[in-house]
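Only one structure is covered here, and it is reproduced in the block below.
The structure presented is a predicted model; accordingly, all values stated were derived computationally and were not measured.
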Amino acid sequence: MNRPQVSHLCFTPPRLFCIFTPPCLPCCLLSPSEVTLALLDSANDKDPVVREQVRKSILTLGKQQPNKVLSMCQDYLVKHPKLVIGHRVVILQTIELIVKTKIDDISYPKIKSIISLASDEMTRSKDVVPDWQQAASNILVAVGNKYINDIMEEILSKFQPGILPHFFVVQTLASLSESNVYGMVPFLNAILGTMLPMLGMAKQDNMKWVFSSALSHFSESILEYLANLDKAPDPTVRKDTFSSDIYAAYDILYCSWLQSRESKLRLTVAEAVGSMSHLMAHDKLEEQLPKLIPTILSLYKKNTEHYVISKVGRPLMTAAVNVPTCTVIVILLPLQVCAPVDYSNPLTVKNHNEVLRCFSILANTFPDRLVMFVLQKLENSNERIRMGSLAVLRHLINSSKSIMETKKLLILASIRQPLADHSNKVKKRVVQVISAMAHHGYLELEGGDLLVKFIIQHCALPDTYYRPSDPEEVTNEALRSMCDNTLHLFTTTVGRLTDVLWPMLLYYLTPGQYSNATTPLCKSLTLLGTKKRASQEPNFNIDFNEQGRCLLEGAPFTRCVNGSFPFRSRGHGAPSLSLLNVISPNIHPNAETLWEKEIPALLSYLEGKGPPLNDPRVLEPVASYNIFYELSRFLFLASWLFPQGFLYRCVGVTLQQCSNKEVVQKQLQEILISARHNDAMERAGVAMGIGLCASSHLDATLAKLDDFGKSDAFKKASGIFSLLKDKNDLDVEKMKSTLILCYGYVALHAPEDQILSRIDSDILRSISNLYLLLFPQALYKDTFNALQELLRNILARDLSPDGLQSVFKHIEEWLSSGQDHERERAMNTTAHILEFYFNNLHVKNMVTFHNLGSLLGRLAPRCTDPNPLVRRAAIDCIYTLLYIHDQLISPNDQLISPSDQLISPSDHKRLPQQQLNTLIFMLFEGLVDSQSNCSRASSVLLNTLLKHRGAGLQDLVSEMLEVLHIRLQMISEEQVKVSVAQSILILATQHLQTVINTLISYPLPFDSWSCEMWIALGADSKLASQIMEMLMEKLNIMVPYVDKKESMMRGGLTKVATSHPLAMTCALKEMMLNGQSQDAVVSLFPQLFSSLLVRLGSSLGVTLPKDINSFGTNRKSPTKLAAGFDVCGVAVEALRILLARAQLDHVVKPLDQEGAWDKMKDPQQHITGVTLLARAMAKHAGPRLPAIVECLCPCLNNIYECQRVTITAFFSELLNHHVVTELMMMDVLMNNMMERISDPCCTVRMLAVRGLGNIAVGSPEKVNKYAKELLAAMSSGMEEKDDPGKRITLEAMSGLSKVLLYLDKKNVQLLVVYIFMKIKPFLESVSRAERHFCCHGYHPAASHCCHGVNPGVLAKFPIWPSYHHGHLIIPSLLLAHSPPLPCNYSPGCCCK
């Protein structure tokens, strides 16, 4: 056949590829055979991408016509015997791919020919050609996964006794044993018998390697086969089948090949020996271990790859009970544990872990010798040996707890040596050891405080200030960070350390050497104090007289001073304030109330979430005469370190609380005289301090200010403040400024009832002596003009978007003021600076207006402001903004009027994505605007943006929902709340999975705002259906609870709910509360009902977890669970809401009247409650039952007994009603009840028997149809052995009495003797309940059975020939023909 020359190959649908020839040959003219042949010609292209694409193309054709394509590949290889190796490899690889994917569609003759081809390709060359022969071998392995017998027939023909086989014949056998364990193991006994003589013939290393590798694979396959005999085709295979052959092979590998000079061969032999040792006879293995283990371990010195050796050594050590340990340890410790671990190399990490596991094995056998050896090595002069010893010690503490328990004091004494080590690398290992010791109770013992001190010392390490050249070097920063984390772990995860660390950590707050550790110390103390304070532990209250005076005087004051430079010492300000807030009851009784109010505001400011609040009023509760002198001393000693403005304010707060008038006047005099008036910050601090003092001492303060205004400004002060005075002459004008500023703060802080009368008489009079006052209107105008001029000057320095933002940030908070005049001024100022910015903007190149979204978000809601002046200015601002935007992004284009672009519905499309994100979050803030018009406008804009651009906000969905959750708590406008609900709905339509995952993670129980968010999702019926289906799918597969020990002291397990299923149940409940979800609920009613019923069963008796919200978001969880929130109650409430939403009020009403809901939640009455539910459904919601039953049936096979009990109870009651027969559910329910007869749970079996008995009540016409099954079930129930309370027995007797009433007399008369024989043991039972039931319960049934039966007939039944018929029949006849006997039992006793 003449084939066209291939010149170009392209892969385009629908035919996947086209082949063109010069000048042009359409691909549709080529047959598949020609295409395949052309591809085979191109399989050796120089470009690897083309080769790979050719392979894929042939595979695509092979999937469609496997036999034909394989034939063409085979023919191509046969017709071109001299094809280059690379070309042959590509074709062979393609054959392998086709075989792997379509082996079931390939004909058997073709399989045979492929086997022959691959075998020939693999062994054609006696030399090893890896790529070629491996590709052929892979084909045989792929075929062998299904046709193992044919493959073995071919391979074994080339694996003949006495002849050294081809390398890849052995390699293929090894690969087959790995890929098809169950197919290969039956052949291995024969293969090993043939292979053993070949081992002595192998002289070349490569053959030794392949035999060793094969033996390793064979051993692992045999072990896997033996471990899964239940799945194996031949379960009679035993370990001793292979032991002798394996030992013979082991002898050759150990005695000869293991000593090879080739490292790769040694490792492979060692790995094989390790695998083979598991199959050796026990006595042989014990005999070999004393010499095998040292030999294996000696390979560490000869090889660089140690993981294989360690992996082999560990199981050998497990068996090496009598091997001397010292040899093992001396070899293992220096070479392996002390070797550096390269964490970027997984093999070195695995090796290190394997070696540590070896030590765990040794610890079980030689604990004392091993521990002493490790502890002695801690004193070694070699750094690596010390590090290795510490690693072993840490591992032993964690892994051998029981063994190390008696050695705790010895370890505590020995660990002191490395505490003094100077190497950071050793210190890092010491920290790891201390962390392990903390978790196992070492730190509570004597000497444990030294280890805590070590951690804190290294939390205070200074920075390194250089970059280490050694990559293994541990810097001070790294070690410090590690100690920070360790201290935090001590506080949060090691509960037993709480009383050790509290209040010990407080001692480390005041010494100077620990100043850099203030942040982690305060964080840990805050966590400890919060925990103790919340649980009201007695030792939360600290006796400072007993603990030490330094805690009372130094620590609180130091923490307050930390607030003045909060970002020093690794940001110690916020942690220090948090600690003060927690321990306030210990500082002073009056501190708690004020600090709980003020400190959170300070913290908010430090986190950038609030206005500046550098307010020293936190000192008010503890202010005293002594504190004033403490402040004075600090002001003198630390004037170079702390801002004096802050300290002056602290003095003001102290004077405010001081009742000594003389002291107040004296200190005011010193402050005014000693202050540096030319320092603006100090001037402001003095004024604020004096103003605070005036709030309690107005007369004294005004008198002192008046005296100061008349005094000699250059008079030197006496006292400690004079030491801070600038020795240069003071500027009189600056002093006047200080005085006026003081009067201003006096007016601000003084009591209103006192200051009004003093403004004219004292304050204005004093100021008028200094300056001439201006008229208020002119003053306002000049001030406003000055402000605008100031802003223009600032903006002119940086005419960029950043410069504009730096000015606008000082105005934006006034835009949402509650005062009309403030909003008006802020908006006019904004319009002024935007106009100035635009008029002075000169852009040559395009600039990104990155803050456009932020500005629009602030200004757009103001377009609906109730003040018309604000509205007009806001619109002007937006026009100007868009002009600026166009100018920045298109500097050379002609400007377009904003009216052409802004008021267009598609304007949002012009906004870049990043700006859109900012705009949206600004609009979130607008939802709580002080003006309702503006908050509504924000919500409308927000929903419009989300609707059109929300699809691109995937990464922000969780954050947006979090913000909406917070905003909902502050929104009072009902219309805005409705819009927020719409926002959530829009996000859910675009990012459903993310929305669900986020809301599910909110703390339980859901707060009212979380509930509103879930309720909002029920507003759209289609979306609600999707969400409900997703929640039910997860609910049905997730673990509903876990069993946990009640406590270490008491035994027994408690069922503890898992958080996610509980949250999903709450979510379903909330969604169904939305009336618009009715369509979704009705359409999914069977699935919802069955899911909630199963959830109800698995919630019974389940408690809430202590860490219920550990899976949630970063938001604070509720500190106290809502009253009445319990696991089962949630499921019951959800089920009730489901029935109500599905308009099944006639089902709900009887359940309410009978108290069924409470019974469902009570473990003792749960079955009764479920029975009432089933009864109501059968009577009032029959048509819905078939779908419900269909959904519930698969759940009867669930592993949780509680779920099976609930479903079986429901089904059992359904059988009590004729609706089951009417709706053709009898067969399904009957089969399920029969299956439950053999359930491992007694309660399920009892309920199944009850349900089968109920058939006689609900559908008596079906009794004869199922007579055989019913009688067998009742008979089985009466013979039940595992029935402690005889519940199954009594239920079977009750069911049998019901069934007998409806059996045909002809059928029952044949069984009467058998039935009476079943009853007879219960007549003789010691149980009064059983005897009573036989007498009363069976009387009507027995009468029915024996009606017309001649007693003589009964006597002739040869059932119990060894019994005299009188002993058997007479009591039965008496039972059948006699009236009921009197009984002393209560009427309901037999039913129990």
List in chain and number order the residues that pass ring pair (Phe, Tyr, Trp, His ring centres under 6.0 Å) with His749, two or more places apart in sequence or in another chain; answer none if no residue qualifies. none
With sequence neighbours excluded, tell me which residues meet salt bridge (charged side-chain N to carboxylate O under 4.0 Å, His left out) with Glu824. none
When you compare the side chain of Leu804 with that of Leu855, does any pair of heavy atoms fall below 4.5 Å? yes
Short question: side chain of His697, backbone of Cys658 - any donor-acceptor pair under 3.5 Å? yes
Distance in Å, Ile690 CD1 paired with Tyr745 OH, rounded so as to fall on 0.5 Å steps: 12.0 Å
Quick one: side chain to side chain contact (heavy atoms under 4.5 Å, CB included) partners of Arg480, sequence neighbours excluded? Leu461, Asp463, Glu477, Asp484, Asn516, Arg570
Look up atom CG in Leu487 and atom CG in Leu505, then write down how far apart they are to the nearest 0.5 Å. 6.0 Å
Polar side-chain atom of Thr518 near backbone of Ser515 as donor-acceptor pair, under 3.5 Å: yes
Is it true that, when you exclude Lys532 itself, more than 12 heavy atoms of the residues, nucleotides or ligands shown sit nearer than 6.0 Å to its NZ? yes
Just wondering, do Glu682 and Tyr648 contact through their side chains at under 4.5 Å, heavy atoms? yes
Can you see whether Gln819 engages Ser817 through a side-chain donor-acceptor pair at a distance of less than 3.5 angstrom? no
Is it true that the side chains of Gln805 and Asn851 contain a donor and an acceptor less than 3.5 Å apart? yes
Thr491 side chain reached by Leu525 side chain, heavy atoms, under 4.5 Å: no
Nearest 0.5 Å, what's the CD-CE distance between Glu812 and Met922? 7.0 Å
Do side-chain atoms of Asn476 reach the backbone of Pro462 as a donor and acceptor pair under 3.5 angstrom? yes
Evaluate the side-chain proximity of Cys693 to Gln656: yes if any heavy-atom separation is below 4.5 Å, no if none is. no
Test: Arg858 and Glu925 ion pair at under 4.0 Å: yes
Contacts of Asp449 that satisfy side chain to side chain contact (heavy atoms under 4.5 Å, CB included) - sequence neighbours left out: Met504
Does the side chain of Phe490 reach to within under 4.5 Å of the side chain of Ile455, using non-hydrogen atoms? yes
Under 3.5 Å: donor-acceptor pair, side chain of Arg862, backbone of Leu815: yes
Above 12 or not: heavy atoms from other molecules or residues under 6.0 Å from NE2 of His488? no
Is there a donor-acceptor pair under 3.5 Å between the side chain of Ser695 and the backbone N or O of Gly691? no
To the nearest 0.5 Å, atom CG of Leu521 lies from atom CG of Leu579 at 9.5 Å
If we only count heavy atoms from C-beta on, is the Leu528 to Thr498 side-chain gap below 4.5 Å? yes
Taking CD in Glu789 as the centre, count heavy atoms belonging to other residues, nucleotides or ligands within less than 6.0 Å. Is the count above 12? yes
Salt bridge (charged side-chain N to carboxylate O under 4.0 Å, His left out) with Asp679: which residues, sequence neighbours excluded? none
Min side-chain heavy-atom separation Asn828-Leu869 under 4.5 Å: no
Verify whether the ring centers belonging to His458 and Phe454 lie closer than 6.0 Å. yes
According to side chain to side chain contact (heavy atoms under 4.5 Å, CB included), who are the partners of Ser930, at least two apart in sequence or on a separate chain? none
Got a second to check how far Asn867's CG is from Gln931's CD, nearest 0.5 Å? 9.0 Å
Leu702 side, atom CG; Tyr743 side, atom OH - distance, nearest 0.5 Å: 6.5 Å
Test salt bridge (charged side-chain N to carboxylate O under 4.0 Å, His left out) applied to Arg533 - qualifying residues, sequence neighbours left out: Glu592, Glu596
Can you list the residues that meet the side-chain hydrogen bond (donor to acceptor under 3.5 Å, both in side chains) rule with Asp820, with sequence neighbours excluded? Arg823
Would you say that Thr829 contacts Phe784 through its side chain, given a criterion of any heavy-atom pair below 4.5 Å between the two side chains? yes
Please enumerate all residues that pass ring pair (Phe, Tyr, Trp, His ring centres under 6.0 Å) together with Phe808, with sequence neighbours excluded. none
Test side chain to side chain contact (heavy atoms under 4.5 Å, CB included) applied to Leu739 and Leu672, step by step: CA-CA 9 Å; Leu739 192 58; Leu672 288 168; 5.5 Å; no
Could you tell me which residues satisfy side chain to side chain contact (heavy atoms under 4.5 Å, CB included) with Ile794, sequence neighbours excluded, listed by chain and number? Leu790, Val807
Here the ring-ring contact (aromatic ring centres under 6.0 Å, His included) pairs for residues 508-530, sequence neighbours left out, are Tyr508-Tyr514
Residue list, salt bridge (charged side-chain N to carboxylate O under 4.0 Å, His left out) with Asp798, at least two apart or on another chain: none
